[in-house]
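Notes for the one structure printed next.
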Amino acid sequence: MKKTLLTILGLILIARLFAQEIPQKISYQGKLYENDSPVTGTKSIKFTIGTWSETHSNVEITNGLYSVQLGDITPIPLNIFNNSSNVSLQIAVEGNNLSPQTDILSVPYAFKAEKAVTAENVPTKLSDLTNDEGFIKSANDADANPTNEIQKLSKSGSNITLSKNGGSVSINDADADASNEIQTLSINGSSVNLSRGGGSINIPTGNSIWSKNGNDIYYNSGTVLIGTTSGGNSKLRIETGAHDDAINIKNNSSGQMAIRISNNAGASRPLMIQNASDNGVYFGTSGNPSYSVGITNAGTGHGLRINNSNGGRGLYVVNSGGDYAGYFAGSSASVVIEGNLDVAGSVSKGSGSFKIDHPLDPANKYLYHSFVESPDMMNVYNGNVILNNIGEAMVELPGYFEALNMEFRYQLTCIGGFAPVYISQKIQNNSFEIAGGTSGLEISWQVTGIRNDPYAKKNRIQVEVEKTGEEKGRYLHYKEYNQPVEKSIEALKDSGLSQESDK
């Protein structure tokens with residue numbers, strides 16, 4: 001931009017006095033020339049007065065003329081007019097400072113009159129401060145109701161006390177600094193509301209609706225409502241708009257709880273969360289915490305109970321890291337699942353069994369059977385077959401057998417007699433043949449195969465594995481090896497694990 005000339009048409013201060021404050025704005029008009037010709041179009045203009053500045057990005061200019069409200073974006077602070085001289089307006093168009101700067105004349109200094117508006121009306125006699133009943137008048141005394149009037153204003157030492165029908169409020173005014181003076185005094189029903197520039201307002205205990213004990217403030221009547229007009233049976237209810245946190249709790253102190261819920265009344269639900277969509281509860285962590293969620297149960301009930309009665313999964317765990325999606329450790333039953341368990345990955349266990357009602361005494365006994373263990377990812381198939389009139393038989397296997405398995409092994413057992421039976425034809429096209437027997441002889445057969453599907457190929461079981469790092473010298477089953485709990489693998493995962501007693 002070439003040399004630009006700015007002609008000031010005028011500064012207009014919006015100087016109406018409202019009930020609460022004076023607007024912190026200045027109406028500004030100017031005329032902008034470029035190369036001695038008036039500008040028409042849109043420009044970005046920055047205005048600066050002392051330490052205050054704001055930028056109007058799209059100022060419409062017609063035949064050189066434009067008009068803006070200074071303070072629309074950033075309110076103009078009163079203190080920039082503390083200096084009685086040398087206060088000027090600097091204008092920059094598209095980053096280019098215009099000259100000369102414009103001196104700020106007397107009208108904007110009306111900003112400084114905000115605190116002096118009522119000073120001219122200060123009464124000189126006590127009778128001017130009271131009404132006919134002898135009570136101190138409030139700012140709005142239309143109803144002349146003594147219940148809503150301040151009854152006594154007193155000072156004791158460094159404390160100023162305001163008394164009314166129903167309680168009192170004290171302000172510590174030890175420093176007599178203007179920032180610590182009462183700035184707003186209002187009455188709302190049976191409450192006196194005070195605001196001031198600094199320090200603290202002390203609310204006394206007693207029959208007041210609001211009471212203070214040390215650093216704690218109590219509300220003694222009804223429900224505290226935030227962002228709502230009706231609270232139902234809630235003691236505290238918070239309603240928010242879209243994309244807002246209903247409540248955000250940050251704990252910057254190590255070793256303390258971000259939130260603690262203690263339910264000593266015996267109610268069934270110390271915490272109940274209902275969510276119409278997405279996650280009922282979402283826990284996200286950063287850094288390297290020990291747990292995203294830690295549950296410690298010192299009682300005899302359930303540490304965690306999930307009741308899902310509307311389809312879907314009772315517990316859905318996804319771990320995209322390199323560790324387990326679920327890790328369970330305990331001296332007795334760590335996990336009890338009544339229903340189906342679907343695991344997409346692998347399961348590692350110390351032992352395993354099924355548990356059912358005993359078929360001979362289902363009302364009074366359980367029956368346990370151990371799982372079959374093998375170092376291979378083995379599948380087992382078996383059955384019985386009757387040999388034909390020449391002492392042979394063909395056994396049909398499932399249609400997926402050869403696609404799923406490899407490295408086949410065979411076993412044959414004669415039932416009701418003896419014969420030199422053998423496998424006359426190995427597995428081909430999902431079948432094999434038996435020969436060497438006699439007509440009508442029953443043969444019990446068993447075939448095993450090693451899994452050969454894509455998942456099994458990429459996730460073979462490592463039978464013998466060296467312990468590494470901190471796991472060396474520790475035990476999965478420390479009790480069985482007569483070791484203390486500190487020697488357990490679980491102690492690595494739970495730094496707060498306490499010494500357990502043998503049972």
Side-chain angles (χ1 to χ4, degrees), residues 1-122 139 175-186 195-199:
M1 177 182 292
K2 296 183 179 180
K3 184 178 180 181
T4 304
L5 174 64
L6 175 68
T7 302
I8 306 299
L9 295 184
L11 287 172
I12 302 174
L13 175 68
I14 303 174
R16 299 186 182 92
L17 297 181
F18 295 91
Q20 297 296 326
E21 59 182 11
I22 296 174
Q24 293 176 264
K25 298 180 183 179
I26 297 174
S27 179
Y28 176 79
Q29 295 177 343
K31 191 166 187 179
L32 184 64
Y33 287 83
E34 186 174 5
N35 297 329
D36 298 327
S37 299
V39 175
T40 295
T42 302
K43 298 287 185 182
S44 174
I45 304 178
K46 180 180 179 180
F47 300 88
T48 303
I49 304 175
T51 58
W52 170 90
S53 68
E54 70 179 12
T55 299
H56 293 250
S57 301
N58 298 291
V59 178
E60 296 289 341
I61 306 172
T62 304
N63 198 25
L65 294 175
Y66 67 92
S67 176
V68 294
Q69 290 282 343
L70 305 185
D72 252 356
I73 301 172
T74 304
I76 301 174
L78 303 179
N79 58 16
I80 67 171
F81 298 108
N82 286 344
N83 188 0
S84 60
S85 62
N86 299 324
V87 178
S88 59
L89 172 65
Q90 173 67 63
I91 300 175
V93 179
E94 302 291 349
N96 297 305
N97 288 331
L98 305 184
S99 61
Q101 297 185 14
T102 303
D103 290 337
I104 302 297
L105 301 179
S106 60
V107 173
Y109 279 86
F111 273 50
K112 292 297 293 181
E114 182 179 20
K115 287 190 165 113
V117 169
T118 58
E120 297 176 356
N121 299 319
V122 175
D175 57 4
D177 187 300
S179 64
N180 285 332
E181 303 301 334
I182 300 171
Q183 294 180 341
T184 303
L185 172 62
S186 61
S195 65
R196 57 197 290 265

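Everything numeric here is computed off the predicted structure, so don't read it as measured data.
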Which value, rounded to the nearest 0.5 Å, describes the distance between N96 atom CG and K46 atom NZ?
12.5 Å
I need the E34 CD to T40 OG1 distance, nearest 0.5 Å.
11.0 Å
Under 3.5 Å, is there a donor-acceptor pair between the side chain of S57 and the main chain of S44?
no
Treating E60 as the side-chain partner and T42 as the backbone partner, does any N or O pair qualify as donor plus acceptor under 3.5 Å?
no
Compare every heavy atom of G71 with every heavy atom of W52, then report the nearest pair and how far apart it is.
CZ2-N, 3.8 Å
For residues K25 and D72, report the shortest heavy-atom separation together with the two atoms involved.
NZ-OD1, 3.0 Å
Using the ring of each side chain (for Trp, its six-membered ring), is F47 parallel, tilted or perpendicular to H56, with breaks at 30° and 60°?
perpendicular
Can you find a pair of side-chain heavy atoms, one from [X] and one from [Y], that are under 4.5 Å apart?
{"X": "K43", "Y": "I61", "answer": "yes"}
{"X": "I45", "Y": "V68", "answer": "no"}
{"X": "V39", "Y": "Y66", "answer": "no"}

Partner of S53 under side chain to side chain contact (heavy atoms under 4.5 Å, CB included), chosen from T74, T48, I73
T48
Go through the steps to decide whether N97 and I91 satisfy the test side chain to side chain contact (heavy atoms under 4.5 Å, CB included), and finish with yes or no.
CA-CA 6 Å; N97 288 331; I91 300 175; over 6 Å; no
Could you walk me through whether L32 and L98 pass the side chain to side chain contact (heavy atoms under 4.5 Å, CB included) check?
CA-CA 10 Å; L32 184 64; L98 305 184; 4.1 Å; yes
Any side-chain donor near an acceptor of the partner, S88 and Q101, under 3.5 Å
yes
